[in-house]
There are 2 protein chains.
Amino acid sequence: MEGNATLFDVARVAGVSLATASRAINGSARTVGAELREKVLRAAQELDYSPNAAARTMKRGHADVVGMIVPDIADPYFSGIASGVMKAADEQGLMVSIASTRRQSSREAEYVAGFRRQRNRAVILAGSRTSSRAETETLKAEVDRFEAQGGRVAVVSQRKLPVDTVVVENRQGARALATDLTDLGYRDFAVLAGPRDLLSAKDRLDGFRTGLAEAGVELSREQVVNGEFSRDGGFQAMEQVLEELGGIDCVFAVNDVMALGAIAAIRSRGLDVPRHLSVAGFGDISTLRDMAPRLTTVRVDLERLGRLALEMILSSEGGAPRTRREKCQVVLGASTPGRKPVGRRSSARG
Amino acid sequence: MEGNATLFDVARVAGVSLATASRAINGSARTVGAELREKVLRAAQELDYSPNAAARTMKRGHADVVGMIVPDIADPYFSGIASGVMKAADEQGLMVSIASTRRQSSREAEYVAGFRRQRNRAVILAGSRTSSRAETETLKAEVDRFEAQGGRVAVVSQRKLPVDTVVVENRQGARALATDLTDLGYRDFAVLAGPRDLLSAKDRLDGFRTGLAEAGVELSREQVVNGEFSRDGGFQAMEQVLEELGGIDCVFAVNDVMALGAIAAIRSRGLDVPRHLSVAGFGDISTLRDMAPRLTTVRVDLERLGRLALEMILSSEGGAPRTRREKCQVVLGASTPGRKPVGRRSSARG
DNA sequence: CTGTTAGCGCGTTCAA
DNA sequence: TTGAACGCGCTAACAG
């Protein structure tokens, strides 16, 4: 039996018309008699009938698929978000296509175009926005085209595009972290700041700086080291700090995998965390929660971000783009035990 | 501008026929004059033309999309494989749809059916096969239907279905691990064995047992504790071991996240790894490579598995299903420093 | 090299 | 409640 049974075949076997078969199977209008419906369903079963989603897509103009674009699916931060999207999508009977830009944000636009070709119902962009004006314009143009076609777009990170957005409160989280760390007695920081043009990285740095300032602590230019947003980026940035900077007592890496790299770099010099240096991250990815010492970080509910993005997309009926802000919460761990035994603690220990 | 420009519009604007426009744009047969081609491309650009993939799919009978089914996309093991699949797919101009069964392997069949509706060109099943005969039969039936329709299927794990398979040499890896651990002087093991019906878990246990036997070490029934294939499963299984078993000096968790849970459980009792107990895992997921102590584990090249699966699918031209075996390599870390100072080491330290 | 035409499988009119 | 017929956008024959 080559190829596939078609709805026409089903109708023939059931002895009804194409239209009746269609109605019985997708149940759009419930105007099919119980008896015929039964017949049709039986025929479909018998023939291993599988509705042709492409035909349906052509007819309706859009596919029941949502596209998702991430910088790196192997990064727990994004696989966490993807997990939330997929779970919510599953509940809605939607399929999810995922594309990974491999950290080249310039590729986002290409993938949006790809999802447009597929006539996907929606696209979720899960990576940080960048400060590149040209890149943003290119992406915006593609997003506009996607929407002109009837598709919906949502972004998880910053509100830089006029679309539904789940804003991660990076500033607020990093600021709270700075407050807690200064409360713990730290005064001499280094920040492993990620790429200069990544807004998530920039916002976390800015928020951190604000929190420090409120405690009367300044961050000099040398105390901020840029690097890739990855484990290796953290490792290298940390090496630079260790070589060029003295008198640091706490390092803030703007994401958890960078913090991981930083810790590795510190240890590779024979130093210990937190004895010689304290380290904090951002994100609270689950694989790191059992690390010893427990990494101080800022918790982001990744699955929730994904779920919210999908829900926004489905509930938006052509209205103005909405923004949903998601707060982050500091988790203090043994990686930042405090410089001196000060009493105050503004967050629970992890 | 509502809706979307169609190929017909492009043809009209360019002043050529539909066929010419089609040929110029997808370049199937290169029989279009340079001048007309230029005109067509310009018209397409002007109109923001986006080829309708659904129409193409309907015409050709299959979509240039490959479906992937994983037990849990948030598990680094599977996001690693997914990363490999996506990279290879990108190079081939294919899109990837991903579905997560959330560890309910019974849902695999449903998703295969879903991908059949989409007329996806191929499906990759990335989770362990199970020992459930009924489940396997159901899945096989669905896979057969998928293939009857012209789709290709590949599996990463065990060869239990008559399809292209990338076999992970779990037995060999676990056996080598047992050899190395016994060489290190360990004699009293506990195995956190995962779910009873998961073949990956079972194979790792079997291989480990074989390796132990070769060193004259037996594993009693009580020394094997089943549990979920997750961090929490490892935690709980380890708690059981700690409560019910004495005299253990090394714990083998059949995957890395279980090992992570095990270590957490050990520490929650105020014990230390490796001072009080040594721990080994399986998989070598990247986030754990910087853990202290370095987790002894068995390295699996996750991205490679994904890439190989995709390549098999694309290269298979209806021939008999092929099998590709991928070896695993032991990585010894400080989580298993050795029971006594014995000299022999058969693998490099991580 | 280019144009005309006939479906691919389905949903949805409109009639009956 | 059911059926007949059209068209979604495209590609692959077949003509010219």
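A note on names: the letters A, B, ... follow the listed sequences, proteins ahead of strands, and every chain is numbered from 1. Because the structure is predicted, anything quoted here is derived from the model rather than measured. The analysis underlying the following values was restricted to heavy atoms, covering all of them including side chains, and did not include hydrogens, waters or symmetry mates.
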* Do any side-chain nitrogens or oxygens of R56(B) fall under 4.0 Å of OP1 or OP2 in dT11(D)? -> yes
* Under 4.0 Å: is that the gap between some side-chain N or O of T20(A) and OP1 or OP2 of dG3(D)? -> yes
* Closer than 4.0 Å, any side-chain N/O of S22(B) to the OP1 or OP2 of dT11(D)? -> yes
* Measure the distance from CG on L47(B) to P on dG9(D) and round it to the nearest whole Å. => 13 Å
* Note the angle between the end axes of the helix from dC1(C)-dG16(D) to dA16(C)-dT1(D), five pairs defining each, rounded to 10 degrees. => 40°
* Structure fact -> Whole-Å distance, F8(A) CZ to dG7(C) P, equals 13 Å
* Asked: Quick one: Q149(A) CD to dG9(D) C1', roughly how many Å, whole number?
  -> 12 Å
Nucleotide N/O of nucleotides 4-8 of chain D paired with protein N/O under 3.5 Å:
| residue | atom | partner | partner atom | Å |
| --- | --- | --- | --- | --- |
| dG7(D) | N2 | K59(A) | NZ | 2.9 |

* Structure fact -> Separation of dT11(D) atom P from L7(B) atom CG, nearest Å, is 7 Å
* Asked: If you measure from the Lys or Arg side-chain nitrogens to the Asp or Glu carboxylate oxygens, is any gap between R159(B) and D164(B) under 4.0 Å?
  -> no
* Pairing of R116(B) and E147(B) as salt bridge, 4.0 angstrom limit -> no
* To do: Go through the side-chain N and O atoms of S97(B) and S97(A) and say whether any donor and acceptor fall under 3.5 Å apart.
  => yes
* **Interatomic distance where CD1 belongs to I25(A) and P belongs to dT2(D) [whole Å]** => 15 Å
* Taking only the side-chain nitrogens and oxygens of T57(B), find out if one of them lies under 4.0 Å from OP1 or OP2 of dC10(D). => no
* Verify whether one side chain among S50(A) and R119(B) offers a donor that lies under 3.5 Å from an acceptor in the other. => yes
* Taking C-beta and beyond as the side chain, do R121(B) and D64(B) meet within less than 4.5 Å on heavy atoms? -> yes
* Asked: Between H62(A) (NE2) and dC10(C) (P), how many Å, whole number?
  -> 17 Å
* Asked: Is a salt bridge present between E137(B) and K140(B), judged by a nitrogen-to-oxygen distance below 4.0 Å?
  -> no
* Relative to the 5' end of DNA chain C, which residue comes earlier, S50(A) or G15(B), by the nucleotide with the nearest heavy atom? -> G15(B)
Using residues 77-86 of chain A as the side-chain source, report each donor-acceptor pair under 3.5 Å to any protein atom, sequence neighbours left out, with the distance given to one decimal.
| residue | atom | partner | partner atom | Å |
| --- | --- | --- | --- | --- |
| S79(A) | OG | P76(A) | O | 3.4 |
| S83(A) | OG | E303(A) | OE2 | 2.7 |
| S83(A) | OG | R102(B) | NH2 | 3.1 |

* Rounded to whole angstrom units, what separation is found between the CZ atom of R119(B) and the C1' atom of dG9(D)? -> 18 Å
* **Atom-to-atom span, CG of N26(B) to C1' of dG9(D) - whole angstrom** => 13 Å
* Asked: Among side-chain atoms of T165(A) and Q158(A), is any donor-acceptor pair under 3.5 angstrom?
  -> no
* To do: Indicate whether the side chain of S315(B) and that of R322(B) have a donor and an acceptor atom separated by less than 3.5 Å.
  => yes
